[in-house]
**Student:** 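Sharing a structure, written as structure tokens. Questions coming.
As the structure lists them, so they are numbered: ligands from 1, and atoms in each ligand from 1.
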Amino acid sequence: MDTLFEVSQSDDHGPVARQVRGPEALLEGLNPQQRAAVEHSGSPLLVVAGAGSGKTRVLTSRIAYLLGARGVHPGQIMAITFTNKAAAEMKERVTALVGGRANVMWVSTFHSMCVRLLRREAKNLDLRSSNFSVYDADDSRRLITLVSRELDLDPKRYPARTLAVHISNLKNELIDPVEAADRAGNDLERRVAEVYTAYQRRLTESNSFDFDDLIMRTVRLLQTRPDVAEHYRRRFRHVLVDEYQDTNHAQYELVRALVGTGTEDGVEPGELCVVGDADQSIYAFRGATIRNIEEFERDYPQARTITLEQNYRSTQTILTAANAVIARNTNRREKRLWTDLGDGDKIVGYVGDNEHDEAAFVASEIDRLVDTGDANFSDIALFYRTNNNSRAFEEVFIRLGLPYRVVGGVRFYERREVRDALAYLRLLSNPDDTVSLRRVLNVPKRGIGDRAEACVAAHAERERVSFAAALRDAADGKVSLLNPRSQRAIAGFVELTDELRALVTDGKDVAEVLDTVLERTGYRGELEASDDPQDASRVDNLTELITVAREFVQAEATAPEPEEPEIDDAGQPAQGSLEAFLERVSLVADSDQTPDAGDGVVTMMTLHTAKGLEFPVVFCTGWEDGLFPHQRALGDPTELAEERRLAYVGITRARQRLYVSRALVRSAWGQPMANPASRFLDEIPAELVEWKRVEPVRSSAPTSATRWGSNRSQVGGGDSAQAGLGARGMRSTPFKGWQDTPAMKLDVGDRVSHDKYGLGTVVATDGSGPRATATIDFGTGGTVRLMLIGGVPLTKL
Ligand SMILES: Nc1ncnc2c1ncn2[C@@H]1O[C@H](COP(=O)(O)OP(=O)(O)OP(=O)(O)O)[C@@H](O)[C@H]1O
Ligand SMILES: [Mg+2]
């Protein structure tokens, strides 16, 4: 924990450190640049610095300083973090300093902040009620699917997923459907605009926002309603943003509108402090742009920029490796990052025969580190490029009984039964929520079939009313072509939801409501009656969800009340309420599930999720061209640069020990792929890496000497020529039964024979030399993409 807060916590005589030791105490332990950033006042402030240099710490310290030394009221502070978890931590630290007063600070992610603001402003937004639903990616894809079906779009040509990405990009650029239609220059863009228009109308009818809307609508509100904007500008005198390099255009405009320029309404501009690192920008695919950090001084002409140069996180070895990799990116500002933590251990490298061998090595190392007392399980993190790569590790961890937790992946809140239960809850809170309504309409089965649903949907379309309104019409017999049985079933459903909704109005807490929902709808009963073992675990998950709800109710009941209610804080849903609960669960991000230290488990996650975190021991796995850097990036310099930033993020999460590993062959989607070493491995200076096992050298038969652990003397010990071999390596006969053939050249149309898949035809080729790949159609055996390195069991016919 920050020394800062320990000072205040050990002080029995008053909550604020300055009362005892003055503002100096709030600056203790900070280096001169960090101090300058904390003390700076007035003009906008940008702190740019490499990983682990204390940017986040500066942000937290600055808040403490604002409260403790500058007499700022907590209600005047808005701080934006990248995850809800980071927000909670920041708030906790500040609470330790100033007590319950901290509750009126707004510390949250962009999305949570916008939900809160939009709820407060529902009356200014033309919303039917402040109980709008928030649609996550899955919900919005469902709605897009519904809409494209109505527009008769070919789902193969226009997959919902693709449409969703396009619509999201438009929203991140603050482009509304009308403008999108105006701008559309080709067929795809016109289709997208069409879907976007219909989709947006549906969202409005459903009284729902998707994630991107949350930001876009808030920006629009502030831009079009000077009175509303002025209210927030008067209130939030301090705006602080962490991870500024990953903001998109909409978020940039949001910050601008909140801070103001001072010319709008005579309110002095708020004090803005943003921190970030352009080298860690890894969300371009969601519209993030480092333009925001690079042009900060142009956007805010009075701005001051402070750079931090001391890294407090990692050893010199780790830092040198990270710097060497990121240095390959062009068009970046060179940074001088140093550490006084010493060289530390070498980076450990390992080349596995396949992903299982790689996983076995990682597991045995973890076992060893914990055995020797060098680390606890919770000190250790394991990263991979994409979620599906966790499987091999999970298998061996389970077999060896190593405790672990996967962050992200198929998350609890993404499980079918959990989503169904939450859809019921959302429906009770927001009767117009179409996606939730249609999700549970016939779940469990109650005799409202597809045809009946289609009749209701057609009625809604014809009458231009929401699906919910159309359903009521159906219950009242006003929908044509509906058979009497379906009508009765619909009437029963409407009655049931009305009854359940009454529980909420009666003030029952969310845990009770949930329990009753599962009971009265027959949802739980159906699962309990089933003899499918999967249904049993579904029941467990629902029980878990009720526990989550119960804990939520209890936590809300015991949360300290804000001491100073003079700053109005409506817009927060009532404590323990259904809305508050839904808001909590709908905004959980991947990284919010990070276990707290002390959980005693190894953490597995993707590199993206690892941003902002740190661990004493880090395993970076799957460093192979085609996997990491991702295959998509191989021929694209922009994408490759982003992958390299991801490598930089991964390496710099490590404090003391870093491992890098790869596999010679791995099965991807059930097919073997032989990937060459990641180019990022080549970019780490060879002398920093001790290879526990390298790729077998061509024509030397694999012997026990190449088993990991027994070849230290052969390839370790700082012989850089050999040490680099594992990364660069020559490719030969790494796996049993495969012939030692030289790399082959194939063209589209060539016929080939594969030892396992049989006869096939080349349908595409990509890359050259050791990175050449061919996609081969093996008829009913499916399409397989293979790296054309030596050793591929393939014959050209
Ligand atoms: N002045 C300091 N003295 C001692 N430790 C420090 C100091 N500043 C930061 N640290 C520690 O260094 C580590 C990295 O700090 P922090 O997470 O704030 O860096 P960051 O710049 O935000 O990193 P990232 O770019 O990865 O987000 C933390 O453990 C933090 O407590
Ligand atoms: Mg940080």
**Student:** Tell me yes or no: between the side chains of Ser168 and Asp212, is some donor less than 3.5 Å from an acceptor?
**Tutor:** yes
**Student:** Just by distance, no angles: are the side chains of Gln302 and Tyr300 close enough, under 3.5 Å, to form a donor-acceptor pair?
**Tutor:** no
**Student:** Nearest to atom 3 (N) of ligand 1 by heavy atom, Tyr312, Tyr648, Phe82: which?
**Tutor:** Tyr312
**Student:** Let's go through Phe619 and Phe383 carefully: what are the C-alpha distance in whole Å and the side-chain angles of both, what is the deciding distance for ring pair (Phe, Tyr, Trp, His ring centres under 6.0 Å) to 0.1 Å, and is it a yes or a no?
**Tutor:** CA-CA 6 Å; Phe619 288 85; Phe383 306 147; 9.7 Å; no
**Student:** Indicate yes or no: does an N/O atom of Leu30 lie under 3.5 Å from an N/O atom of ligand 1?
**Tutor:** no
**Student:** Go through it in stages, so that I can follow the logic: the residues are Glu365 and Tyr659, the test is side chain to side chain donor-acceptor pair (under 3.5 Å), and I'd like the CA-CA distance, side-chain angles, deciding distance and then a yes or no.
**Tutor:** CA-CA 10 Å; Glu365 272 301 293; Tyr659 290 79; 2.6 Å; yes
**Student:** Find the distance between CD (Glu89) and OG1 (Thr56) and round it off to the nearest 0.5 Å.
**Tutor:** 10.0 Å
**Student:** Between His608 and Phe285, does a ring pair (Phe, Tyr, Trp, His ring centres under 6.0 Å) hold up when you go through it step by step?
**Tutor:** CA-CA 12 Å; His608 279 100; Phe285 66 95; 5.4 Å; yes
**Student:** Testing the 3.5 Å rule here: is there a donor-acceptor pair between the side chains of Glu624 and Ser678?
**Tutor:** no
**Student:** What do you reckon, does Arg655 put a non-hydrogen atom under 4.0 Å from ligand 1?
**Tutor:** no
**Student:** Check the pair Phe82 / Tyr283 against ring pair (Phe, Tyr, Trp, His ring centres under 6.0 Å), numbers first and verdict last.
**Tutor:** CA-CA 12 Å; Phe82 204 72; Tyr283 280 97; 5.3 Å; yes
**Student:** Taking the minimum heavy-atom distance to atom 28 (C) of ligand 1, which of Arg313, Glu614, Gln33 ranks first?
**Tutor:** Glu614
**Student:** Under 2.8 Å from the Mg ion (ligand 2), which protein N, O or S atoms do you find? Ignore water molecules.
**Tutor:** Thr56 OG1
